[in-house]
Every structure is written in structure tokens, then in C-alpha cells.
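Everything numeric in this text was worked out from a predicted model, so none of it was measured. Keep in mind that the numbers below use all heavy atoms, side chains included, and drop hydrogens, waters and symmetry copies.
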Amino acid sequence: MITKEQVLHALSHVDDPDLKKDLVTLNMIKNVEITPSKISFDVELTTPACPLKGPIEHACRNAIALFVDKNITVDINMTSRVIGTRSSQLAQIKNIILVASGKGGVGKSTVAANLALALLAKGAKTGLLDADIYGPSLPIMFGLEGARPKASKTAEGKTKIEPIEKYGLKLLSIGFFTDPNQPVPWRGPMVSTAVKQLFNDADWGELDYLVVDLPPGTGDVHITVAQGFPISGAVVVTTPQNVALADAVRGIGMFLMDSINIPLLGVVENMAYFTPAELPDHQYYIFGKDGGKRLAEQFNAPFLGEIPLVKSISDSGDNGLPVMIDEDSPAHAAFLEIAGKVAQQLAIVQAAV
């Protein structure tokens, strides 16, 4: 009869490629069950968005065949338990991911919205907070103009804002509380107070990831969020041309300051190339090539991926249907890949703490 010890010994030869330790040492093997004809167990990964799920499962099957029995049936259930930032503040939110850019117009909000939807599509409980005080775009991108969140009372008598849910995503934006046709002259203290309320006064429930769309640049909102909340990491969005890259360098520099010290999860290059619908195999690098890759290399950070310049991306945002909803869009697969890499980097950062 095969023993549990034999199974664990075999699986101790399978490493998590990111965490550089074997699955048994990492306590990722759960619920081992053995019958004369079958071995079954769970592999509990650090995120449902793990891009290495398939290779890890394949390695587990090979290990059982090599060290236990090559003829026995192996039933593997690939599960996940997202590791979170250890903090009593916003304890129900495991990871807060900031999406930032050095300048406006690079598609930061588009990346934030579709990154959140891609993490959700991977099986993670996800929310999206639009903290772009000066230009909130979430209401338009999700077709929620004029929507107003409800309020509820907690058992302690506190009033909480209920995020609006659409496409399975929990959403909250400063744009839900302002008139889009009226300018709001925000001053520094007002900005800090409004942003803190979006975090603290909302009933987010349990989330694996809260994606936060920051304003462009490096201002009051960035300092308030970075120093006031347990941030897991930041994603920086740029376009390939030098003027965008120069501003992105300053944005990255802010996160790496000693007083802020937020892990840089990586760089996303938006509008990387243009592919016309009638020539799907052609790529035209209108704004330059590989700017985002060079930026990532400069800071020894991961390059998370390229988003093509596709008209359907802007159209979908304007129509309240983010491109992640369209599985036939060429950007759909790109955002799924980026989401996997972001989750991967978060797991590496958390394991190192």
C-alpha cells in the first residue's frame, strides 16, 4: 500500500519556480488521499491567477510517476489561497495594487479597469477603486453615469458605502459623488479626506485584490494612499515614446523613496503597436518600440506586457463595456497574461516578507 510519506517525498522534488522552494516545504500539498488505484491531493497555490498552474500540475504528475508508481491514477485539484499584506487596517482586503502613470493620456485607467476584470476572470475576489480625483473615468468605462452607491449601517452603528457591483466586480469612484458637468476645485486637505473615505468608509467585504486607479503624476493622492494604507505593490503604465517614459521614471522613483517604499510589481506598455483589423499579422510601432521594456530593465523590474493600439479598446471603454468582456478582442489575452504576472509578482513579494 502506498503511504502518504511516499507521496510527500515525491512531491518534495517539485519546486514552485517563483518562490524557489518545494511544494511540501511551502505547505502547498493538502488533503492527500490514497486508495489502491488512485492518489488524490490538492495543490494550494498562492493565487488563482498563477501563470504556472499548468507546469506545476504536470511536474507533480511526473514526480508521482517517477518516485511512487507510474501506473496509478493521479487526481490533482489545483486550488489557491491568496497571501495578503499583514495589517489590521482593511483586514478583509488581502492585497492593494496601485496602478499609476507619470503623465495623463497613456491609458492608465483602461489598464486598471481591465487588470481588475482579468484578475476576476482568473477566479480572484476583486474590487476596483477609482481614486483619480481630478478625472474619474470609472463611471463612463462601466456604463454607470449617474449611479449612486447605497449606504448601510454596521452592527456597531457606523455608516458604510456599498460599492456598486458590475460584471462581478466591486466598484467605487469619486465620480459617483460629484456632478460630471461641474468642476470641483480640490485643495490638498479635501483630496486627502475624500480618498481616505473611499478606502475606510466602504464595505468592500473580503477581497483578494483591490486595484486602485491613481491620478497621473506624483501628488497629494499618491502620498495619502502610499503612506496611509497597507499597499502590496504598484504597476506603472507608460507608452513607448520618450516623453511618457521620462514622466514614468519620476513616478517609479516616488514609489521607491525610503519614506514610501512600495514594491514595483512591473511596467505595462500601452499603445505598444498598431495592428489594423484587415492585417492582423502586421504590427506598426507608431510611438516607438520597446520603451516599456527598457524602463523595466532600468529599474530591474518585471516587464508585465504590451497592450496593442486597438480602436475596440477605446470604443469599449466609451460604451461602458471594458475590452476584457470581449473574449474575441486581441487585448483580452494580453490583459489575462498581465494579470497572471501581477499576481505572480505579488506572491513573490509576499513570500519574501
Side-chain angles (χ1 to χ4, degrees), residues 47-49 80-99 109 112-133 136-180 184 186 190-215 221-222 224-234 320 322 324 339 342-343 346 350:
T47 171
S80 64
R81 180 177 62 85
V82 176
I83 302 173
T85 302
R86 298 172 181 87
S87 173
S88 58
Q89 188 182 20
L90 302 175
Q92 288 188 296
I93 301 174
K94 294 181 178 178
N95 293 284
I96 300 175
I97 304 168
L98 305 183
V99 178
S109 296
N114 287 287
L115 170 61
L117 284 167
L119 289 167
L120 181 73
K122 292 273 190 177
K125 299 174 184 175
T126 311
L128 175 61
L129 193 162
D130 180 4
D132 191 346
I133 295 287
S137 54
L138 185 152
I140 293 174
M141 295 181 70
F142 284 84
L144 293 171
E145 298 102 319
R148 293 290 180 268
K150 297 178 181 178
S152 60
K153 290 278 188 180
T154 66
E156 295 79 22
K158 295 181 179 179
T159 301
K160 286 285 189 179
I161 304 166
E162 295 183 18
I164 294 173
E165 191 166 315
K166 191 162 186 181
Y167 308 125
L169 198 63
K170 292 186 177 181
L171 304 167
L172 200 56
S173 170
I174 193 70
F176 291 150
F177 307 97
T178 59
D179 184 341
V184 181
W186 295 101
M190 294 170 60
V191 168
S192 297
T193 300
V195 170
K196 288 177 181 177
Q197 286 182 315
L198 290 175
F199 279 93
N200 293 326
D201 294 347
D203 183 11
W204 289 104
E206 290 190 8
L207 293 180
D208 294 321
Y209 305 106
L210 176 63
V211 178
V212 181
D213 180 16
L214 292 176
V221 174
H222 304 75
T224 297
V225 172
Q227 295 185 334
F229 299 96
I231 307 303
S232 301
M324 265 301 298
V342 168
L346 274 174
Q350 298 289 1

When you measure from the side chain of [X] to the backbone of [Y], do you find a donor-acceptor pair of N or O atoms at a distance under 3.5 Å?
{"X": "Lys170", "Y": "Trp204", "result": "yes"}
{"X": "Thr47", "Y": "Ala49", "result": "yes"}
{"X": "Lys160", "Y": "Asn200", "result": "yes"}

>> Holding to ring pair (Phe, Tyr, Trp, His ring centres under 6.0 Å), I want the full list of residues that pass it with Phe229, two or more places apart in sequence or in another chain.
In response: Phe199
>> Val221 and side chain to side chain contact (heavy atoms under 4.5 Å, CB included): which single residue from Val212, Asp132, Val195, Ile174 fits?
In response: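 Of all the options given, the one that passes is Val195.
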Which atoms form the tightest heavy-atom contact between [X] and [Y], and what is the distance?
{"X": "Asn114", "Y": "Pro322", "result": "OD1-CB, 3.6 Å"}
{"X": "Gly233", "Y": "Leu346", "result": "N-CD2, 4.4 Å"}
{"X": "Leu119", "Y": "Ala339", "result": "CD2-O, 3.7 Å"}

>> Tell me every residue that passes side chain to side chain donor-acceptor pair (under 3.5 Å) with Ser173, counting only those two or more places apart in sequence or in another chain.
In response: Asp130
> What pairs of residues pass the salt bridge (Lys or Arg N to Asp or Glu O under 4.0 Å) test when at least one of them lies in residues 115-124, not counting sequence neighbours?
Replying inline: none
> Less than 4.5 Å apart, any side-chain heavy atom of Ser232 and any of Lys94?
Replying inline: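 They are not in side-chain contact.
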>> Do Leu117 and Leu115 make a side-chain contact, defined as non-hydrogen atoms from C-beta onward lying under 4.5 Å apart?
In response: no
> When rounded to the nearest 0.5 angstrom, what distance separates CZ in Phe142 from CD in Glu165?
Replying inline: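 Between Phe142 CZ and Glu165 CD, I get 11.5 Å after rounding to 0.5 Å.
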> Could you give the distance from CD1 (Ile93) to CG (Leu129), rounded to the nearest 0.5 Å?
Replying inline: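 Reported to 0.5 Å precision, the distance equals 8.5 Å.
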Can you name the side chain to side chain contact (heavy atoms under 4.5 Å, CB included) partners of [X], sequence neighbours left out?
{"X": "Gln92", "answer": "Glu206"}
{"X": "Ala147", "answer": "Leu144, Ile164, Phe176"}
{"X": "Ala124", "answer": "Pro48, Thr126, Asp208, Tyr209"}

